[in-house]
Amino acid sequence: MAKGGRDKKSSKGRLDKYYHLAKEQGYRARSAFKLIQLNKKYNFLEKSRVLIDLCAAPGGWLQVATKYMPQSSLIIGVDLAPIKPIPNVITFQDDITTDRCRQNLRQEIKTWKADVVLHDGAPNVGAAWTHDAFTQSELVLVSLKLATEFLIKGGTFVTKVFRSKDYNKLLWVFQQLFRKVEATKPPSSRGVSAEIFVVCRDFIAPKKLDPRFLDPKAVFSELEASETNKMIDIFRPEKRKRQREGYEDGNYTQHKTADVMDFIKAEDPVVVLGSYNQLTFKTDESAALLNHRATTEDIKINCEDLKVLGKSDFKALLKWRTILRDQYKLDKKEQAEEVIEEEELDDDEKLEAELENLSKEEAAKRKRLKRKTNEKKMKLITRMQLNMTVPNDIGLEQEGADGQTLFNIRKISKDTSLAQLQHGDMTFTDEMMDNGDFSGDEDMTALHMLKGQGYTREMDLELQERYAVVDKDDYDELEDQLDNDYERFLQDKAERNAKFRAKQAREEHDEWAGFDEKNDKNSNTKALDDDSSDMDSDDSDASSATDDDEDESDDSDDDNDIAGDDRLASRPVSSSTMTTNNNKRSLLTMKKKDNSLVNDLGEKASLARKTAGGLSMGASMFFDQDIFAGVDEDGDDDDQDMPEQGPVDVLDSRKRKAEEELDNDSDFEIADAEEAIPSGDEMWSGDEDENSRAVREAQENGLLTAEAVTMARQLVNREKTKADLIDDGFSREGFRDKDGLPAWFLDDEGQHNKPNLPITKEAVLAIREKLKALDARPIKKIAEAKARKKFKTMKRLQKAQKKATDVAENEDMSEKEKLTTINKILARSTKSKPKKEVKLVVAKGSNRGIKGRPSGVKGRYKMVDGRMKKEMRATKRQEKKKGGGGRKK
Ligand SMILES: C[S@@+](CC[C@H](N)C(=O)[O-])C[C@H]1O[C@@H](n2cnc3c(N)ncnc32)[C@H](O)[C@@H]1O
């Protein structure tokens, strides 16, 4: 039974490197590394003196806290389960949801306040995930409540949250109570786990707090999302249904496949691409598609792994789908329905609608052109920042801003990219395509010829034919729509995959290296200004006010503390103000002015409820996020860019926009991740002490083994990467369970069961030389003794020299006498003095037990035990006898 259990554990990959590291370093749970890594990122333990760990069993986090916090800190841990004692830690068993636990905590902490409150609580995550997730969210609120009671102003609250539908609501509440809220997933948290850690810093410590902030009923009761999120797709005149609840409940970790036909028939193909890992051709219907001429090899490859779709792959799949839908006449019915609807209009209405459509199309075209120009400008600025373009080039770049003449196949031939292409490396073309560097028709054809099958010209032509596209702009609209879809796809993907989010943030971070946040903001603002020059003045006022306020809030953090604290309980914010974008901005402005987001949750919710067709509480939460500071105002226009949308009420359109943005709930995290997610695994090394010790030793003593020298050379010569070395470090052998094995066996294993690391001849020679040099160096004591001897000899020689000079100058001596005397003096000086004899005094008779010098003994002496002397003599005698006896025999 136990064996089966263990196997199951292993097969799940549960016994990973952190498990083994935890065992090695004596941590009770692998989760200890989560706190180590969180602390490495945010450094909250070192400067804390009082810590409360809610849900602390078995005590891994407590162990970490004792290690990283200053000595004699007060550390309290509580859990439903008993916690084995940890030195200098107070633990007790309690349910954190009870009042008794609160009282016990109060008793332990007395009048102090905690600098850190940790919460890693998880109810038994098992079969009923949905239920568990909710209970976990409740636990989080309970722990937050305790945190608000015990935390010091400016304190830190760290909690685990599961990515469920309550996630954003929890984040919103955290944001009301802490100035800095960041969600992060430390590397030791398993990728397959839906858990994420939220680090809330700088506790506002409001004097009064509306209890509804911490009441699960108030926080988790969400207004039903309105039905207004309908984006009419110019590609598919059908309703698009977004997964507003984020993850599909209960299915977070599996490799999911869907049949290709599901993708083709789906209402929203982007959701399918975002939700599944693979599209299969297993049914008869889908298998038949394999022979379709549009199903190229690239399409098949794209279907294999949807998680790695690039932009062009994504677009190719959608175009392929459209062609197939056309073939299966899946859109025909809806089109017919539309026609019938249109017939119902009378002539005047038709004319009006047509005119409206025309003017909208015209406006959309203008906007698109402007946006493209701005994109080009932004790209140019980026390039200049990265020293890729000199100002002289600007004219050339701008010439191509309208996308008519810019493409340079020369660009490929000029630089190293040609060599890349010749070697079959098409990443360059992908990049150019994604960047929009290929713009003209000929360019696209040329590129597609280079690219091969996936994104075929044929497919594009077929699509143009299908939509009776008459000019390039119309086709651009299709492309725009695909671009939007791709953005949506990325968003969905980001929501689903925390790792992807981290990667994306890293990439963005890398991409913009060299820009500081301010510059970035400025350039964005500039683009916005350019883009929205025709925006009404109210808008610009509002946005500038927002910027100012933001600055203000940054500068006057402290000033606003008290005001903010008081207002947290009292000042209502009306959700009804958020029905238009103008109002969205004014809310943002208000919020920024307050600097502490002081809202009355209930008031806000009820007002939202009251607002017929208004935004939901979730939307207001969304607008409260800092990410709005950089919101792309031009995005509003994009909605109107779609001619097929037909006459739509502007208000509705904005509501849709707001709702759509609400759905992109991961925005919050991405924004945070940009700032805070580390830019490499090195940020997250598991055991820093060991690492730093090893580094220090290597720095002090150099590399001492041939293996180390070989590895170092491989690293320097780029034959191996750091990741390779880490991988090599983990082997099955290293993780053998040693519990219960006898010591002699482990000793033996230790001697012989060693990894056979590769070494090179050069490394061996280098080490040999080094050791030779080391060997040649005398040890300290010998060197000192030698130096002393040399010094004494020198002194003696100097003395002898002086004596010899005196003799030589003596006029009373004959030359012969002088010579003999000098020779004697020199001979004596080179001879070392005979050692003074040490007299052995036997401690017997009158000498027994005396202290000090025995009477009648002069000079050096040593007391010896008579027995010892006797015994030694006896031993010698016996040996002599034995030896003699042996010979006799
Ligand atoms: C993942 S473990 C915590 C591990 C801990 N951070 C460590 O490093 O050892 C989650 C813990 O939450 C505890 N827990 C769940 N619900 C609780 C509750 N209502 N009150 C107290 N503890 C609770 C469980 O008993 C469990 O020990």
Side-chain angles (χ1 to χ4, degrees), residues 9 12 14 16 18-40 44-45 51-69 75-87 89-105 108 114 116-126 128-129 131-147 149-150 156-164 184-190 192-199 214 216 686-687:
K9 240 186 163 189
K12 270 187 178 178
R14 297 186 74 80
D16 62 355
Y18 289 107
Y19 169 87
H20 294 287
L21 275 176
K23 259 191 129 184
E24 228 169 65
Q25 294 181 25
Y27 289 121
R28 295 177 181 183
R30 71 183 286 295
S31 60
F33 287 98
K34 296 176 193 168
L35 184 61
I36 291 176
Q37 289 163 350
L38 288 169
N39 183 54
K40 197 163 187 191
F44 47 86
L45 290 180
L51 175 142
I52 298 176
D53 185 359
L54 306 166
C55 304
W61 282 25
L62 291 174
Q63 287 177 303
V64 174
T66 53
K67 188 172 169 190
Y68 286 83
M69 283 171 70
I75 302 172
I76 305 169
V78 53
D79 199 290
L80 277 177
I83 304 167
K84 267 207 278 177
I86 299 172
V89 175
I90 298 168
T91 55
F92 59 91
Q93 210 175 332
D94 236 325
D95 182 344
I96 63 162
T97 59
T98 61
D99 200 47
R100 201 186 60 180
C101 174
R102 198 180 64 81
Q103 282 164 7
N104 282 339
L105 280 172
E108 296 296 350
V116 179
V117 173
L118 304 176
H119 173 249
D120 186 26
N124 191 18
V125 176
W129 202 97
H131 176 68
D132 277 342
F134 182 70
T135 322
Q136 210 273 346
S137 306
E138 275 185 321
L139 261 190
V140 173
L141 265 197
V142 168
S143 59
L144 178 67
K145 192 173 179 182
L146 288 171
E149 182 174 346
F150 291 106
T156 303
F157 173 58
V158 179
T159 183
K160 173 162 77 186
V161 183
F162 281 132
R163 292 275 292 162
S164 69
T184 184
K185 192 168 174 76
S188 52
S189 171
R190 292 189 172 90
V192 294
S193 161
E195 78 180 10
I196 199 155
F197 288 85
V198 184
V199 179
L214 303 166
D687 176 17

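As the structure lists them, so they are numbered: ligands from 1, and atoms in each ligand from 1.
Some N or O of Trp61 is nearer than 3.5 Å to an N or O of ligand 1, by distance alone. Of the N or O atoms in Asp95, one or more lie within a sub-3.5 Å distance of an N or O in ligand 1. Between Ala29 and ligand 1, a contact under 3.5 Å exists for no N or O pair. Checked against a 3.5 angstrom limit, the closest N/O atoms of Ile96 and ligand 1 fall inside it. By the 3.5 Å distance cut-off applied to N or O atoms, Thr97 is not counted among the residues near ligand 1.
Going from atom CZ of Arg163 over to atom NZ of Lys185 covers 10.0 Å, rounded to the nearest 0.5 Å. With values rounded to the nearest 0.5 angstrom, Ser31 atom OG is found 9.0 Å from Glu195 atom CD. Summarising the geometry, atom CG belonging to Asp79 is positioned 9.0 Å from atom CG belonging to Leu62; distances are rounded to the nearest 0.5 Å. Separation of atoms CG (Asp95) and SG (Cys55) is listed at 8.5 Å; rounding is to 0.5 Å.
Contacts of Ala56 with ligand 1, taken as heavy-atom pairs under 4.0 Å, involve the backbone alone.
Checking Leu54, Leu80, Val64, Leu62 against atom 22 (N) of ligand 1, the nearest heavy atom belongs to Leu80. In the candidate list Ala32, Pro82, Ser31, Ala57, Ala57 is nearest to atom 2 (S) of ligand 1, counting heavy atoms.
Counting atoms of ligand 1 from 1 in the listed order, those under 4.0 Å from a heavy atom of Leu139 are 16 (N), 19 (N). Of all atoms in ligand 1, listed by their number and element, those nearer than 4.0 Å to a heavy atom of Gly121 are 12 (O). Set against the non-hydrogen atoms of Gly60, the atoms of ligand 1 under 4.0 Å away are 7 (C), 8 (O), 9 (O).
Using a 4.5 Å heavy-atom threshold, the side chains of Leu118 and Leu35 count as touching.
Under 3.5 Å, the side chains of Asn104 and Glu108 contain no donor-acceptor pair of N or O atoms.
Judged by the shortest distance from any of its heavy atoms, Asp94 lies inside the 4.0 Å radius around the atoms of ligand 1.
Between Gln63 and Tyr27, the closest heavy-atom pair is OE1-CA, 3.2 Å. Closest approach of Ala122 and Lys160 over heavy atoms only: CB-NZ, 3.7 Å.
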